[in-house]
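Here's the structure, in structure tokens; my notes come after.
Each chain gets a letter, A, B and so on, in the order its sequence line appears, and its residues count up from 1.
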Amino acid sequence: MASISDKASPISKLETYIPGFDFIAGGGLPEGRSTLVSGTSGSAKTVLATQFLAEGIAKAEESGVFVTFEETPKDIRRNMSGFGWDIQEWETMGKWAFVDISPTAGDRTIITGDYDLGGLLVRIEHAASKVNAKRVVIDSIGSIFSQVNDSAIVRSELLRVATMLKEIGVTSLITAERTEEYGDVARYGVEEFVADNVIILRNNMEQEKRRRTIEILKFRGTYHQKGEYPFTILPNKGIIIIPLSAMELQQKSSTVRITSGNVELDKMCGGGFFRDSIILASGATGNGKTLMATEFIAGGVSNGERCLLLAFEESREQLFRNASGWGFDYRQMEKEGKLKVVCEYPETAGLEDHLIKIRNEIDEFKPNRLVVDSLSALERISSIKGFREFVIGLTSFIKHGEIAGLFTATTPNLMGGTSITETHISTITDSIILLRYVEMLGEMRRGLTVLKMRGSMHDKDIREYTIDGTGMHIGKPFRNVTGIISGSPAYIANSEIERISSLFENEKV
Amino acid sequence: MNKILLKLYITGQTPKSERAIANIRRICERDAQEKYELVIIDILEQPELAEEAKILATPTLTKELPPPLSRVIGDLADIDKVLLGLDMETVTRTTGKEV
């Protein structure tokens, strides 16, 4: 009899090397145990399972066994080659073995009398010892019912399989089909009993957009992140999980100032932006956001910094023309390798894909400054939650790289008001600059204010600015106008201002 | 006359295995014996043969010749069902009456 004082050894984790997974799983899959992966049809169960083996072979020299109940090995080899996984090659190298339980067409099978699934057990064990497997995948376990339909036998035999897997010390992923995105864990109700751990893959429809998520439902006796995490599937890579809300706020904070590209704006910000800060420039259409971004880039380039411009609203040609209109030569900057302009329609991909693409661009180009023009364009293609997660993912990534980021956001109203983008991400940004139209005595003028500047003093005035062929010129504060930001400016006569100032003069004396 | 090639896959000397062996021997003996070739395969000893024949359950009886390939899963308790499964009804009809 085991005594109570027997110390249980803590469960160790096996790194899967699936991007993002080990983070949400608190280090990886529980080692030496079985984990059930359940999902509806088309939720990427087979991809995840295959990737588990593929990454093991590629990154850790850990061999794997793939037990297939549905597709033939031939189909799997072909379907998975698009992810860059050469299964055939691994098979010849003795790192990968198939156990083929897929139904054979035209096979006649009759059942009479007592039986067990000894064949399955023996074959898995044999294959595992043949390649010296550390990882085993069974895909998909529910399909066993198409060949053997006695659920009592299936249940007891699956338990034997699970016990055997534990005994030979492999870490396994077992996939199972479910019928609803939010409902029973798996279709037949027996699948979840074979595994200590359950992962759910979802492929939800959200505002006409498909959104794939992964959730670790339970890891018996060990830690994991909770909730759904979005993931995407890319050719030549496979599944990439984006651990957005799990990102840690542990970026260093720099006190180094960099120029905004505009001398006056630098002064308003107390000497420039911080080197690793996120700046949001918000304003109505046509009031100088792209110009501010252009000056920000030019300011960086003139200091020898590298700048990456991600444009989602205008084409390359338009951007280059606009910049030259203000006296900046993007073509020359690109030639010198100081600038990279990436233009894309927001609609070409989902937000998750955009995020990964942006990360790749950043990894490749290694910029000091990043401009996204505009963030609002990306908001169109996603749900509010997805957009917020995207911004968090992006900001935390660029902060890690000590990159200064300038994002632009478009307000829906010409005068005053805030944009939806702003309300959702204002807490994530370090600085917010508002650009507003000011209607005064039958004239449209422009006003700018630094609303927020984390960690620094800044100018609280609303300053007037003008735009001409040489860029943005920030002038005097609007002293005789109120209500600019609220969108209903009111003109106060000069005499009134003098009267108010004079009220205090007596006290000074 | 064509030979009938039968293979019985078992996992060790379990009661199920013993029953299946006894049952298939009985079936074979009812007919002229030389017509059958019965191979008993213990997949614990030869797991690669189980992989080759795609054996899922044990015991499994396969009829490899003449084609088509057919399988009977279980301890072969019901002889008529076994014969049906092996596509050998004709054989029973000629000899079955005497049993």
Where do [X] and [Y] come nearest, in terms of heavy atoms and distance?
| X | Y | result |
| --- | --- | --- |
| B:P47 | A:H126 | CG-ND1, 3.2 Å |
| B:G74 | A:Y115 | CA-CB, 3.8 Å |
| B:I43 | A:V122 | O-CG1, 3.3 Å |
| B:A77 | A:G113 | CB-CA, 4.5 Å |

Can you measure from [atom1] ([X]) to [atom2] ([Y]) and round to the nearest 0.5 angstrom?
| X | Y | atom1 | atom2 | answer |
| --- | --- | --- | --- | --- |
| B:L61 | A:I110 | CG | CD1 | 11.0 Å |
| B:T11 | A:L121 | OG1 | CG | 9.0 Å |
| B:E51 | A:K130 | CD | NZ | 6.5 Å |
| A:L117 | B:I55 | CG | CD1 | 12.0 Å |
| A:I111 | B:D78 | CD1 | CG | 13.0 Å |
| B:L76 | A:D114 | CG | CG | 11.0 Å |

Requested in this report: Answer with side chain, backbone, both or neither: which region of B:K81 has an atom nearer than 4.5 Å to a non-hydrogen atom of chain A?
Outcome: both
Query raised in the report: Where does B:T58 contact chain A at under 4.5 Å (heavy atoms): side chain, backbone, both or neither?
Result: both
Report task. Answer yes or no: does atom NZ of A:K74 have more than 12 heavy-atom neighbours from other residues, nucleotides or ligands under 6.0 Å? Result -> no
Query raised in the report: Based on non-hydrogen pairs under 4.5 Å, which of A:V99, A:I101, A:D100 is most in contact with chain B?
Result: A:D100
Report task. Give, as side chain, backbone, both or neither, the part of A:E157 having an atom under 4.5 angstrom from any heavy atom of chain B. Result -> neither
Query - Donor-acceptor pair, side chain of A:T112 and main chain of B:V82, under 3.5 angstrom - result: no
